[in-house]
Amino acid sequence: MTSRKSSATQAGAAMVEVGSEIMAIRSNKVVLDNTIGPAEIVISDGKIVDILPKRNRVQTSGEKVLDVGDLVVMPGIIDPHVHICEPGHPAGEGFTSVTKAAAAGGITTIVDMPLYGTPVLPPQLCLTLIPSYNLPKGSAILTLRFGVALFLEISSMQNRSRINSARLSWRVDPTEYSTFLDLHPDSLEVEATFTIAELCLLYKIPCHIVNLSSAQVLPIIKDARQKGAPITVETTHHYLNLSSESIPPGATYYKCSPPIRAKSNQEKLWAALQSRQIDMVVSAHTSGSLDLRESNSGDFLKAKSGIASLQFGLVDLSDSGSFLNENESSKNSQQANVFFFFFVLGNHTGLPLFWTSAKPRGFSLHDLVQLMCKNPAILSRLEDCKGSLSPGMDADLVIWNPETKFEVNRNIIHHKHKVQFSQAEVFQKQSFLGANRERSKRGVLYLRSLMGSVFLVQQAAGWARVRLPVAFTQCCRTMSFQYLVPPPAPLLQPLSVPERLLLGPGPSNCPPRVLSAGGRQLIGHVHKEMVQIMAEIKMGIQYAFQTQNPLTLAVSGTGHCAMEAAFLNLVEPGDKVLIAVSGFWGERATDIAKRLGAEVHQLVKGPGEYFTLEEIERGLVQHTPLLFFIAHGESSTGVVQALEGIGDLCHRYNCLLLVDAVASLGGAPLFMDQQGIDILYSGAQKVLSAPPGASPISFSARARMKIHSRKTKPTSFYLDMEELCKYWGCDDNLIKYHHTAPINTFFCLREALAILVEKGLESSWKLHKENSLYLCEGLQKLGLQLYVKEPHARLPTVNTVLVPDEYDAMEITTYIMKNYKIEISGGLGPTAGKVLRIGLMGYNSTKFNVDQVLKALQDALQHCLKNKL
């Protein structure tokens, strides 16, 4: 024990057991963004809370401080290209070995690109299994991200034909590596990269090139970037450290795709790394058994591709030393568990393939951090929490000695198929840099709680972050519970969504700008940036509504949800409500009001008709309602209701005016304040051409007085405007959490409103009117009759046409969908079976689309079956 402590003192501190709770780490060599020098990293709840000059802080009683002396402390490595191959592929790597190997390599975060797994493991499964698992000491915990990679294969059929021909040719030896290399020339990579660069420039969508092995593609990437292409590139450890000249016959464990190329090519890759033409270095770790590798036959053409180098990208942890300077009085203290992890490297540690080759070429530790921490974090969208050492970041650290040499041997390899890393003597017995002089007790300090809260699944744009123990698979196999529901077969297939032109009453197709906004990475629903986006949404709604009402926001739900929110906040049991009914939506409003206990009266007109001021006034006088509802755009009949004067009438009789503008907002003139509308709501999926799920709504001062004077609280907390007002900061108050908003849906709504603002309301109204007139003229030329007789009463966003007596509406709509991929709809409610509804809304309101639907309708009328009724 004395000799151990003496030896440990050389590194700066004493040995401790795994599981100790560390509150700070000290080192003379901490790699920060701009410097490498003495510092103390203060840690709390798994986060870096401060970085101070070393020994600048007085250690308090009970604190445990790790002092590692001259060992280097740097951010944990992020490997964004790993193939775990579990579940369903026993020859693959698997969670158990891959996490051990990654931890041994100083890698704290990996991104799984599913390969060979059958099926790919759903991330949600991890969330339910892990909290019940009792993590043993010494196991490794990593952050794993599940992702999907898109690989572009150019001339694949031609290449496969060449390989098959080569197998049949007696003049070609498949055990020679040159045979495999000749069948995978640089030109294939050049062609693929050129295609990606062109697409990246054309669509300005970020593209990432994986597995770059040929230096011939570098000029293409450089040129594309100079032209503004958002393109990033990775290469791998094996392309940087292995060369085709050294691969012996039959050594199929060298096979990977693209292939390892010549030494001269390798040096060009290193030069590209130095000039930052290549952004990062990854492992592209792929494991496989000897059988898959055709080790007996040595046939390069039959062997599976892939090299396993995850463990040796930076460092190996075989026997690791942990150092702690602990105040004796804290031994029995009860402190809250926290979670972070770091690696302290001992003898038999692997150094970095990368560092061993990079250091002689002039690479610095800052270069290493940039290429293996920062840039991969940005690619994986983790730059807000990983990739560098600064306050607020995750405390994922690697502690190592970059000068000590060590030799790789089979005993320290953690990969499942050890020949895969050693490559049957590829890397074994090579000498690498990067070990600690001290040989010490094996262990990693993990500070964590097993209460379940640390097992976080965060869905984000197709990714899921999952923290897993290395013994995850054993945990799955030994649980006492049985799966009653097998993985649904359809969910193991790619999502399939057909391309259609949506010319029904809604939704409408989304413009690319809106779709792009919806695909952005999530941010927190109360982050300052999200608060700003919500403020911009509010301003956009005020513009679209033409209102200055402070209580203006977007309900987290569809237009129907906004409809419910309007009634729910204004109506209490016994309140009188008058509903204007001339179609489906008046009946739906009646249903909602009755459910709230209101005394409901209806003002009824026939479908296709509208209300006059005289008729509305008679209803107000007769029924003395508290609230009057009317639809501005009745999408079931295609009628637009004139609103001038209705607000004044309602206020004269102490009544609030509630208007449904779901189908009309942006397509027909609407002035909330000037028309005396007290409550106005709409939807996002019609003229705004955004996905449904966030719906504009606004309340006047009169309406707010009614809400404030309620005798009872609204029966829904989710739709309570008093609470939502605080969440949206409608009265310039501090934001108060209410619910988690549909963040990406809000992104889409914000962009849709921005498009409307840029176009201008008058231009939008004019466009919809002109295209509606153009459609109506075309319909009449086909011999069809318009359902709404008076032109001024026709809703320009949803056009209705009578179905001829001899036809069936469903036959027509089905024929057009099947043959033209265009959606038009039949009637709804009182118009069901009587009319066809053709929507021209927002992004879809174009003369080109009118021509398309007229052509489809003309064809349908010629081919559809006659009505047999």
Side-chain angles (χ1 to χ4, degrees), residues 11-13 22-59 63-80 105-109 143 273-274 276 279-281 313-315 322-325 338-345 351-352 354-355 358-359 362-404 433-434 436 445 447:
I22 306 301
M23 298 180 178
I25 297 175
R26 292 174 180 162
S27 171
N28 294 323
K29 296 179 181 178
V30 177
V31 183
L32 303 177
D33 285 344
N34 300 313
T35 63
I36 299 176
E40 179 174 320
I41 303 172
V42 183
I43 298 167
S44 177
D45 293 326
K47 294 284 187 179
I48 299 173
V49 296
D50 205 353
I51 298 180
L52 307 169
K54 191 178 180 186
R55 300 193 182 282
N56 193 46
R57 187 175 62 91
V58 177
Q59 183 175 342
E63 269 194 335
K64 298 181 180 180
V65 177
L66 181 72
D67 194 325
V68 299
D70 291 331
L71 297 182
V72 169
V73 178
M74 59 173 273
I77 300 298
I78 297 172
D79 193 333
I107 298 169
T108 57
T109 302
T143 300
L273 276 175
Q274 286 180 311
R276 294 297 190 264
D279 301 283
M280 64 196 73
V281 182
L314 176 65
V315 286
S322 303
F323 309 93
L324 179 68
N325 183 359
V338 294
F339 172 46
F340 69 97
F341 53 91
F342 55 88
F343 307 107
V344 188
L345 310 177
L351 176 93
F354 179 79
W355 184 244
K359 185 181 179 184
F363 284 76
S364 67
L365 289 173
H366 279 122
D367 294 328
L368 187 153
V369 169
Q370 190 72 44
L371 294 167
M372 299 179 72
C373 305
K374 288 186 177 181
N375 289 348
I378 294 170
L379 175 69
S380 307
R381 298 182 179 179
L382 291 169
E383 68 272 23
D384 61 335
C385 58
K386 298 180 186 295
S388 62
L389 302 183
S390 60
M393 304 293 277
D394 289 351
D396 298 352
L397 313 175
V398 177
I399 304 172
W400 64 300
N401 187 335
E403 303 300 330
T404 302
L433 292 174
N436 176 35
L445 294 179
L447 313 178

Heavy-atom pair with the smallest gap, counting every atom of [X] and [Y]:
X: Pro75; Y: Cys373; result: O-SG, 3.6 Å
X: Ser388; Y: Lys374; result: CB-CE, 3.9 Å
X: Ile78; Y: Ala377; result: CD1-CB, 3.5 Å
X: Glu383; Y: Met393; result: O-CE, 3.4 Å
X: Met280; Y: Pro80; result: SD-CG, 4.1 Å

Could you tell me whether the side chain of [X] and the main chain of [Y] form a donor-acceptor pair under 3.5 Å?
X: Asp45; Y: Lys47; result: no
X: Trp400; Y: Leu71; result: no
X: His366; Y: Ile36; result: no
X: Arg276; Y: Leu273; result: yes
X: Ser27; Y: Lys29; result: yes

Intermediate values then yes/no, side-chain contact (heavy atoms from CB on, under 4.5 Å), Ile48 and Val42: CA-CA 6 Å; Ile48 299 173; Val42 183; over 6 Å; no
Can you confirm whether [X] sits close enough to [Y] that some side-chain heavy atom of one is under 4.5 Å from a side-chain heavy atom of the other?
X: Leu368; Y: Phe363; answer: no
X: Ile51; Y: Glu40; answer: no
X: Cys385; Y: Asp394; answer: yes
X: Arg26; Y: Val73; answer: no

Asp384 CG to Ile378 CD1 distance, which is reported to the nearest 0.5 Å: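 Asp384 CG to Ile378 CD1: 11.0 Å, rounded to 0.5 Å.
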Pairwise distance CD1(Ile77) to CG(Leu371) - rounded to 0.5 angstrom: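 Going from the CD1 atom of Ile77 to the CG atom of Leu371 covers 10.0 Å.
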Trace of the side-chain contact (heavy atoms from CB on, under 4.5 Å) decision for Thr109 with Asp396: CA-CA 9 Å; Thr109 302; Asp396 298 352; 4.2 Å; yes
Check against side-chain contact (heavy atoms from CB on, under 4.5 Å), Leu389 and Leu397: CA-CA 8 Å; Leu389 302 183; Leu397 313 175; 3.2 Å; yes
Member of Val31, Val398, Val30 meeting the side chain to side chain contact (heavy atoms under 4.5 Å, CB included) criterion with Val72: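 Going through the options one by one, the only one that passes is Val31.
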Pair Asp279-Asn375, side-chain donor/acceptor within less than 3.5 Å: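 Side chains of Asp279 and Asn375: no pair found under 3.5 Å.
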